[in-house]
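Any value given below was found using the heavy atoms of this structure, including those in side chains, with hydrogens, waters and symmetry copies removed. For ligands, and for the atoms within them, numbers begin at 1 and follow the listed sequence.
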Amino acid sequence: MAKIIDGKAIAQTIRNEIADEVRSLSDSYNKVPGLAVVIVGTRKDSQSYVRMKRKACAEVGIRSFDVDLPEDISENELIDQVHKLNADLDVHGILVQLPLPKHINEEKVLSEISIDKDVDGFHPLNIGKLAMKGREPLFLPCTPKGCLELLSRSGISVKGKRAVVVGRSNIVGLPVALLLLKADATVTIVHSHTQDSESIIREADIVIAAAGQAMMIKGDWIKPGAAVIDVGTNSVDDPSKKVGYRLVGDVDFQEASKVAGWLTPVPGGVGPMTVAMLLKNTLDAAKRKIPQ
Ligand code: NDP
């Protein structure tokens, strides 16, 4: 049976470490890390993500700057807000909650965030540096960084291993593949046009599943003993639940748990790590501002 990687517990350990560091930063340098969380409009899912991020900040002592903007704000007005936050010395990280309303060009807005405050790690310069040998990005995107942290804190080495990433999105699949490559794994990326994904995945010592396809990866697609990190978060109808649905990953958990060596659950695996890595990136951004 697979060892279940408890992302919630690992994330809590990291949050405690961050809280300690935030306290000592404040004691020694009178500096409190600050994260601006910008939300445009009233989408329920975005509001709940933003609430969760702001609460997580408060719990570790990071000051959160709440910027709540109306749905009909213009692109230029939003960019002005980003510029103000870029100039604010108390703000060390800026997060613009996605998706933005249709009339706003997300790419344009995100590229206005100062690279040294890009705690989401989505700036093309950060991703570009991640892809290049010998270059270090200022920030790693939170979910990919969380996946690697789950592996290392579970004692799973990456070097020389065969890794397969399922998905190639800018926010998960591509950066996690680049991170694995930087960590000396041999990496294959599987996407929606890949033929015979099943046999490619079956060769992997490490599988990172980020396709957004409910329970796509079956037990017999997994190499016995492999480490399986399931990023997928998909809702499936479940009349037995009060809300009428439940969340499942991209991996068939029941089947995979009989074959894999390690496995993350959904929920309670990668999700909590994403928020913990956002806090860590904000702390690191503030630490960089301490005069040497
Ligand atoms: P996207 O929809 O942006 O990307 C999905 C990727 O999976 C694409 O590259 C797509 O290929 C590929 N794909 C789709 N179907 C298949 C298939 N049948 N076989 C192989 N590859 C396939 O999703 P995201 O990257 O944003 O998110 C992926 C999942 O991770 C989602 O379930 C999302 O909810 C979850 N997520 C979880 C987070 C967390 O913190 N736990 C954070 C972010 C995301 P192609 O490029 O060819 O279209």
Side-chain angles (χ1 to χ4, degrees), residues 4-12 14-15 37 43-46 48-53 55-56 95-100 106-107 110 119-122 127 130 139-151 163-180 187-204 207-218 221-222 228-236 245-253 256 263-281:
I4 304 305
I5 299 176
D6 186 345
K8 216 170 151 188
I10 295 174
Q12 188 56 54
I14 294 171
R15 284 187 193 210
V37 182
R43 271 179 70 118
K44 289 265 177 307
D45 55 346
S46 293
S48 96
Y49 292 136
V50 162
R51 251 197 321 274
M52 191 171 68
K53 289 167 188 173
K55 186 164 164 261
L95 178 145
V96 176
Q97 183 65 41
L98 302 178
L100 292 170
E106 282 182 0
E107 196 184 330
L110 293 185
V119 285
D120 251 343
F122 294 157
I127 298 286
L130 178 59
F139 300 102
L140 298 175
C142 300
T143 303
K145 182 173 171 169
C147 292
L148 271 281
E149 195 73 30
L150 283 177
L151 291 171
V164 172
V165 177
V166 188
R168 56 173 169 180
S169 73
N170 288 339
I171 62 166
V172 193
L174 180 69
V176 87
L178 294 171
L179 264 177
L180 287 162
V187 184
T188 305
I189 302 177
V190 164
H191 50 76
S192 69
H193 299 278
T194 303
Q195 291 177 10
D196 196 12
S197 317
E198 195 178 322
S199 51
I200 298 172
I201 294 168
R202 203 177 286 123
E203 288 178 6
V207 179
I208 312 276
Q213 303 290 322
M215 297 196 278
M216 174 184 105
I217 299 174
K218 301 294 171 197
W221 295 28
I222 295 167
V228 180
I229 305 292
D230 192 356
V231 184
T233 312
N234 313 289
S235 63
V236 293
Y245 69 89
R246 73 194 152 93
L247 294 180
V248 299
D250 288 352
V251 177
D252 187 320
F253 185 86
L263 178 61
T264 59
V266 177
V270 176
M273 293 298 286
T274 299
V275 181
M277 294 301 108
L278 173 68
L279 302 174
K280 179 81 173 71
N281 278 351

Among Ser192, Ala210, Ser235, closest by any non-hydrogen atom to atom 10 (C) of ligand 1: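 Of the listed residues, Ser192 has the closest heavy atom.
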Heavy-atom nearest option to atom 32 (O) of ligand 1, drawn from Asp230, Thr233, Val176, Thr264: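 Selected option, by shortest heavy-atom distance: Thr233.
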Students should be able to answer this: which protein heavy-atom is nearest to [atom], and at what distance?
atom                    : result
atom 31 (C) of ligand 1 : Gly212 CA, 3.6 Å
atom 5 (C) of ligand 1  : Ala211 O, 3.6 Å
atom 21 (N) of ligand 1 : His191 C, 3.2 Å
atom 15 (N) of ligand 1 : Gln213 NE2, 3.4 Å
atom 46 (O) of ligand 1 : Arg168 NE, 2.7 Å
atom 12 (C) of ligand 1 : Gly167 CA, 3.8 Å
atom 38 (C) of ligand 1 : Val231 CG1, 4.0 Å

Under 4.0 Å from any heavy atom of [X], which atoms of ligand 1 are there?
X      : result
Thr274 : 39 (C), 40 (O)
Asn234 : 32 (O)
Ile171 : 26 (O)
Val172 : 25 (O), 43 (C), 44 (C)
Gly271 : 40 (O), 41 (N)
Ser169 : 3 (O), 4 (O), 9 (O), 24 (P), 25 (O)

Taking all heavy atoms of Thr264 and all of Gly269, pick out the closest pair and write down the distance.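 Heavy atoms only, the tightest pair is CB-CA, 4.1 Å.
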Give the minimum heavy-atom separation between Ser235 and Tyr245, together with the two atoms involved. CB-CD1, 3.6 Å
Does atom 2 (O) of ligand 1 have a protein non-hydrogen atom under 4.0 Å from it? no
Does any pair with a residue in residues 164-177 pass side-chain hydrogen bond (donor to acceptor under 3.5 Å, both in side chains), and if so which ones, sequence neighbours excluded? none
So which bit of Thr143 gets within less than 4.0 Å of ligand 1, heavy atoms only: side chain, backbone, both or neither?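 Contact part for Thr143 vs ligand 1: side chain (C-beta onward).
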Region of Met216 engaging ligand 1 - heavy atom pairs below 4.0 Å: side chain
Assess whether side-chain contact (heavy atoms from CB on, under 4.5 Å) is satisfied between Val165 and Leu180, documenting all intermediate values. CA-CA 9 Å; Val165 177; Leu180 287 162; 3.6 Å; yes
Name the one of Ile201, Thr194, Asp196 that satisfies side-chain contact (heavy atoms from CB on, under 4.5 Å) with Glu198? Asp196
Under the side-chain contact (heavy atoms from CB on, under 4.5 Å) test, residues paired with Ser192 that sit two or more places apart: none
For ligand 1, is [X] a contact, meaning one of its heavy atoms is under 4.0 Å away?
X      : answer
Thr194 : no
Ser197 : no
Gly173 : no

I'd like to know if the side chain of [X] reaches the main chain of [Y], judged simply by a donor and an acceptor atom lying under 3.5 Å from each other, with no hydrogens or angles considered.
X      : Y      : result
Asn281 : Phe139 : no
Asp252 : Met215 : no
Ser199 : Ser197 : no

Any heavy-atom pair between the side chains of Pro141 and Leu179 that's under 4.5 Å? no
Atom NZ of Lys8: over 12 foreign heavy atoms under 6.0 Å: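 12 or below, so no.
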